[in-house]
Amino acid sequence: MNETFKAFDFRTRFGSITFPSPIFTASGCAGSGKELSQFFSLDELGAIVTKSIAVKPRSGRATPRMAETPSGMLNSIGLQGPGIDQFLEIDIPWLISRNVRTIVSISGETVEEYATLARKLRSVSGLSGIEVNISCPNVENRGMVFACDPIASREVIQVVRRNLGNDLPIIAKLSPDVTDLVSIAHGVVDAGANGLALINTLLGMVIDIDARRPKLAGKTGGLSGPAIRPVAVRAIYQVHAALPQIPILGMGGVASGRDALELIFAGASGVSIGTATFGDPGAPLRIKRELEIALKERGFSSFADAVGAAHES
Amino acid sequence: MNETFKAFDFRTRFGSITFPSPIFTASGCAGSGKELSQFFSLDELGAIVTKSIAVKPRSGRATPRMAETPSGMLNSIGLQGPGIDQFLEIDIPWLISRNVRTIVSISGETVEEYATLARKLRSVSGLSGIEVNISCPNVENRGMVFACDPIASREVIQVVRRNLGNDLPIIAKLSPDVTDLVSIAHGVVDAGANGLALINTLLGMVIDIDARRPKLAGKTGGLSGPAIRPVAVRAIYQVHAALPQIPILGMGGVASGRDALELIFAGASGVSIGTATFGDPGAPLRIKRELEIALKERGFSSFADAVGAAHES
Amino acid sequence: MKTINPKAQQRDVEVLSNKKVGAYHHIVLAVGDLAIATRPGNFVAISVGDAMSNTILRRAFAIYRASDRGQYGGTIELVVAPHGLGSRWLCARQIHDRVNIVAPLGTSFGIPTEPVNALLVGGGYGAAPLFGLAEVLKSQGSRVDMILGASVAGKIYAPLEGKRSVNTTTLTTEDGSTGIKGRVTDVMPALIEKHKSEIIYSCGPMAMLNAVNQIAEQFQLMHQCAVEESMACGIGVCMTCVIPLKGDDGLVRMSRSCIDGPVVDGSAVIWGSDRTVPEGTLGK
Amino acid sequence: MKTINPKAQQRDVEVLSNKKVGAYHHIVLAVGDLAIATRPGNFVAISVGDAMSNTILRRAFAIYRASDRGQYGGTIELVVAPHGLGSRWLCARQIHDRVNIVAPLGTSFGIPTEPVNALLVGGGYGAAPLFGLAEVLKSQGSRVDMILGASVAGKIYAPLEGKRSVNTTTLTTEDGSTGIKGRVTDVMPALIEKHKSEIIYSCGPMAMLNAVNQIAEQFQLMHQCAVEESMACGIGVCMTCVIPLKGDDGLVRMSRSCIDGPVVDGSAVIWGSDRTVPEGTLGK
Ligand SMILES: Cc1cc2nc3c(=O)[nH]c(=O)nc-3n(C[C@H](O)[C@H](O)[C@H](O)COP(=O)(O)OP(=O)(O)OC[C@H]3O[C@@H](n4cnc5c(N)ncnc54)[C@H](O)[C@@H]3O)c2cc1C
Ligand SMILES: Cc1cc2nc3c(=O)[nH]c(=O)nc-3n(C[C@H](O)[C@H](O)[C@H](O)COP(=O)(O)OP(=O)(O)OC[C@H]3O[C@@H](n4cnc5c(N)ncnc54)[C@H](O)[C@@H]3O)c2cc1C
Ligand SMILES: Cc1cc2nc3c(=O)[nH]c(=O)nc-3n(C[C@H](O)[C@H](O)[C@H](O)COP(=O)(O)O)c2cc1C
Ligand SMILES: Cc1cc2nc3c(=O)[nH]c(=O)nc-3n(C[C@H](O)[C@H](O)[C@H](O)COP(=O)(O)O)c2cc1C
Ligand code: FES
Ligand code: FES
């Protein structure tokens with residue numbers, strides 16, 4: 001068969017699951033999937049990563065919830081969502097019935113809540129993985145974010161693994177706002193994570209100089225978008241160097257195929273598109289196509305060969 | 001006297017020293033001062049903060065040392081400098097003889113080096129303060145950055161205070177790349193710091209997707225510029241809330257008077273201009289003027305009233 | 001598979017005209033068949049800047065009028081206030097420049113099945129979508145009275161051709177520089193009584209909508225208003241644009257104003273919940 | 001107080017002309033009296049983009065020619081390759097647009113006090129500053145031979161008017177599309193012998209400068225070259241643009257190419273130290 005016409009081998013693996021494309025959505029940036037389906041076919045993607053879901057319904061924070069910043073934005077949604085029961089009743093069936101590969105992101109305020117979420121997801125068929133968002137305040141520990149505490153991070157992943165069973169891959173999503181990211185990564189991998197999602201947003205603030213107060217009602221917010229890409233690349237590079245066997249789902253400011261390639265060369269086995277979708281609803285699909293071109297131009301015949309390529313020299 | 005013609009009271013204090021203006025240069029972004037003196041008169045500023053100086057001459061890192069990033073840049077200079085002796089012989093006399101208020105930034109690889117630097121500076125007359133850059137790798141502790149280690153940070157400030165005497169203000173410059181910035185701030189203040197400089201650069205990386213390797217010869221670099229301003233504002237706000245008596249020298253992506261005001265409302269008693277000077281050699285003076293207008297427009301009659309104003313509501 | 005944003009498309013479109021009108025710019029875009037799908041109250045999300053821009057989010061603008069006939073095919077028209085960087089960039093576009101849009105987005109004003117006496121209340125550029133609404137109401141036999149208010153005369157948007165479909169227009173300015181000195185709500189009660197208004201449509205700043213809603217409640221009138229919250233995506237995926245809305249089930253939810261709005265039922269809004277989540281909101 | 005950047009000024013200046021020439025743009029800026037202060041080898045640092053741009057650093061360009069006479073007062077001319085976002089933005093400027101510059105910056109080519117036989121070697125847009133240099137050398141009585149090389153014909157910059165001051169011009173391209181097939185260094189030895197060259201001036205990619213320097217050493221000729229390192233500030237305050245240079249005291253220092261360069265003595269450069277600090281550098 002003529003090389004030129006051979007489909008590019010875009011496959012990538014997290015745990016036991018093989019995804020046909022390495023481009024994913026980022027949690028909290030693709031709604032329930034439905035909203036984007038007007039703009040492109042969701043099954044073109046590796047998977048939709050759903051907005052982090054909690055045990056109970058959550059109203060989220062008051063508005064204003066967003067502020068644009070130079071080449072980035074702050075958000076303070078506060079994990080608004082319908083709670084796991086309604087989510088499993090409405091959102092998941094819609095995705096599964098349309099053959100959209102789905103990774104469910106979960107968030108808890110206690111270790112026990114993560115256990116509950118994992119138990120409820122264990123029996124759901126058709127899922128492709130669980131992303132564990134541990135960048136949530138731990139109400140049992142002075143609201144300290146789980147992902148900033150090596151022991152709590154580990155504990156969360158352990159109970160999720162125990163309650164979920166061994167079938168579905170667990171991807172632990174880490175925060176870059178820590179002194180020693182690599183040791184947190186080691187901890188969650190030891191605890192049973194099959195992959196790591198890097199990075200969640202950076203904690204930031206914008207002040208409204210006319211109102212003389214923080215612009216966001218929640219005061220601080222998460223910084224995302226191209227502004228943080230260098231931090232994402234660094235985080236992925238460091239963690240891939242330390243744990244080369246563990247697949248990384250990279251994210252942080254990817255707005256083009258070239259940006260995605262930067263994360264992949266740093267060590268990402270998949271790339272999630274977040275904030276870019278707000279500026280361009282078709283971004284995930286566009287980036288997938290641009291990535292394919294960028295890889296072919298550089299002589300790659302399969303995606304897997306590109307992962308971590310910047311570590312070789 | 002007519003209010004309109006009264007000079008704006010721009011004074012600000014760090015420790016025992018009063019500065020006539022709250023706009024400073026950022027360490028490593030104003031050369032030795034001479035380079036900028038072609039573009040504006042240095043005594044218009046609160047002070048020049050010199051590039052961090054080490055005990056011995058340092059070649060710094062190989063090139064490429066910089067990469068532009070969205071609304072920011074990475075640098076990996078590696079603290080290049082002539083060493084304290086030549087610095088005290090050439091750079092300092094030039095500044096002092098021209099009545100330029102000068103804050104000397106120091107950096108060491110061991111606690112003992114900080115002690116040496118402080119001893120050498122003790123006898124230099126005409127200085128306005130010492131900024132202690134503790135975002136340097138500690139060679140005695142696996143290269144872990146001092147500012148990321150609460151105990152090492154404290155120790156450094158203690159020995160600097162002990163060796164410097166009590167006359168000059170000590171401003172401890174902290175890194176945002178830590179899990180708990182407030183506790184590090186508490187530690188260095190307990191150890192004798194009169195002020196805090198927030199923030200140093202964030203650790204980042206850019207990959208050259210054509211060469212398939214990190215763009216910078218030193219692989220990682222420090223992220224600065226408007227991209228990081230939300231992180232700076234957050235850091236300043238958090239630390240000012242915890243330590244309202246301690247003056248903060250704020251920095252991170254300030255490119256206009258409005259940006260400076262954001263940091264001031266968050267709690268900065270002074271603002272250093274770094275990366276903005278690369279794009280506009282006259283930036284420090286321009287920002288000072290814009291800040292004056294922005295403060296007057298908002299009805300402030302003195303700078304001090306504006307510090308921390310975003311905490312009031 | 002398409003139950004949300006069903007008619008929205010992303011397109012590069014040409015600027016056909018850009019004229020300064022008072023404090024605003026009246027901008028016409030050649031959008032082809034998107035015009036047919038557009039209803040009064042819908043909005044458009046526009047990319048601002050170029051490949052080098054640090055502004056990564058779209059800006060939302062109400063669609064002033066949509067027309068599917070005419071020399072250039074389908075067009076939509078906007079009334080834009082040069083506010084910050086992005087809107088000023090848009091106001092600086094010249095004829096033949098291209099801009100990237102996503103449209104039509106959001107809910108539209110509900111049109112009664114029978115002719116009614118409608119009172120349309122607009123503040124500042126918020127007047128814009130009311131003219132398209134007036135045309136539809138008029139063509140369906142309704143009486144249309146309009147109140148347009150602003151701080152100063154230059155900020156009232158009241159084009160001559162817009163008045164074709166309006167029975168009466170009342171202007172208010174806070175400084176009295178044109179029309180009646182005062183706010184739109186100062187003149188509402190008398191006009192409601194005079195014209196026997198049965199439904200109120202409003203668009204403008206949130207504080208004005210709140211005040212308009214109080215009058216609507218007082219007179220027990222239906223009130224549809226187009227709200228304005230900061231929007232990062234405009235298409236329902238980011239959850240930044242929420243407002244507290246009471247649902248048919250009586251529960252208050254933080255609802256997306258880009259999907260469940262911008263046009264909402266005034267009586268469903270929990271007003272005055274600035275920077276707070278109202279007590280009783282689901283999941284608070 | 002002003003011992004560094006003594007002649008540099010920051011100014012908003014007008015674009016007088018912008019023409020595509022082969023692979024490059026020839027751009028003329030009205031800089032007023034800055035032209036008088038400009039010497040061959042100096043460069044200009046230009047802001048790219050507008051208030052919304054995410055590119056925060058200036059771009060450096062060699063000054064091709066400076067002229068203080070003429071219809072528009074002082075002008076400087078540039079030869080710009082559309083490379084990335086910033087240079088493409090510059091190449092897209094139109095007549096009457098304004099750009100913000102800082103100039104003149106850096107060292108200039110040393111001019112011998114006596115007439116000499118000079119060989120000028122340029123690669124790609126690196127040819128640009130050599131034409132201004134040729135004029136000065138010629139007017140001072142020197143013989144000027146020039147070699148211009150590039151990968152392909154379109155990347156050779158060799159304007160007719162530039163040749164006025166040149167005795168001979170030799171072109172090389174790697175693909176043979178014009179002139180001699182090969183590199184500038186392939187033809188250098190024969191030309192040095194033929195024209196009895198006494199000094200070499202060069203400007204182009206670092207690898208070319210290195211190869212030129214080897215030939216200069218072989219023939220024991222003076223060699224002045226204009227280097228190119230990534231520059232964040234262009235005025236000496238950031239330390240990003242360093243190259244290892246041996247000083248008069250024999251010590252190698254990482255020296256700023258924006259202040260101690262871009263024109264440096266080829267024999268002072270520690271060549272081939274890509275991505276490393278050479279052994280023996282002060283403070284390594
Ligand atoms: C549904 C809807 C309809 C609108 N219709 C119009 C209209 O017809 N005419 C008009 O002139 N303006 C309208 N606006 C407001 C318009 O979106 C803002 O003026 C514009 O986004 C400001 O962008 P900027 O870059 O100029 O300002 P900046 O202040 O620099 O914007 C910074 C960020 O804040 C957001 N933002 C700032 N102000 C507003 C605002 N008032 N509402 C929502 N987001 C804001 C921007 O979108 C951007 O993300 C509408 C807004 C919404 C939500
Ligand atoms: C002293 C000097 C003289 C120069 N003279 C010319 C000239 O006469 N004509 C010309 O076309 N180009 C010249 N260059 C190169 C020119 O500066 C770069 O092509 C330009 O900076 C690229 O910017 P960009 O935004 O298009 O590319 P990008 O790749 O987007 O730039 C990203 C960043 O890298 C820097 N950068 C990228 N390439 C280079 C490079 N080759 N050298 C230095 N910095 C770079 C940019 O300044 C910017 O900060 C010169 C460079 C220097 C240092
Ligand atoms: C509006 C918004 C909401 C988000 N919600 C979540 C969330 O619910 N769970 C989560 O793990 N990450 C959440 N994130 C973080 C993103 O998934 C992603 O990690 C981050 O934004 C960096 O990627 P980006 O720069 O491509 O957006 C959210 C980000 C944004 C901007
Ligand atoms: C090129 C460069 C060199 C720097 N060198 C130093 C240094 O020597 N010591 C130090 O404490 N900070 C150094 N910094 C950090 C700045 O002082 C400042 O904290 C940081 O850049 C954030 O401010 P900005 O965004 O205004 O640049 C350097 C920054 C840059 C960009
Ligand atoms: S603007 Fe994103 S959900 Fe409404
Ligand atoms: S470019 Fe900044 S020192 Fe040379």
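Since we're looking at a predicted model, the values are computed, not measured. Residue numbering restarts at 1 for every chain, and letters A, B, ... go by the order of the sequence lines.
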Tell me, side chain or backbone of [X] under 4.5 Å from chain B's heavy atoms, or both, or neither?
X	answer
D:V102	side chain
D:R253	neither
D:T55	both

Options [options], ranked by heavy-atom pairs under 4.5 Å with chain D, top entry:
options	value
B:T69, B:I77, B:T275	B:I77
B:E68, B:R61, B:Q80, B:M73	B:E68
B:G218, B:S71, B:G282, B:A217	B:S71

Mutual orientation of the aromatic rings belonging to D:H223 and D:W271 [parallel < 30°, tilted 30-60°, perpendicular > 60°]: parallel

Donor on one side chain, acceptor on other, D:N5 and B:E35, under 3.5 Å: no

Check: B:S107/B:N133 side-chain N/O donor and acceptor closer than 3.5 Å: no

Under 4.5 Å from a heavy atom of chain D, the part of B:P226 involved: side chain

Chain D contact via B:S32 - which portion, at a heavy-atom distance below 4.5 Å: neither

Taking NZ, NE, NH1 and NH2 as the nitrogens, is one of them in [X] or [Y] under 4.0 Å from a carboxylate oxygen of the other?
X	Y	value
B:E44	B:K288	yes
B:D43	B:R101	no
B:K56	B:D85	no
B:E109	B:R58	yes
D:D175	D:K155	no

Selection from D:C241, D:A232, D:S53, D:S230 maximising heavy-atom pairs under 4.5 Å formed with chain B: D:A232

Any donor-acceptor pair under 3.5 Å from B:R213 side chain to B:D208 backbone: no

Contacts of residues 34-45 of chain D with chain B (heavy atom under 4.5 Å): none

D:V252 and its side chain to side chain contact (heavy atoms under 4.5 Å, CB included) partner, picked from D:V277, D:T281, D:L245, D:V269: D:T281

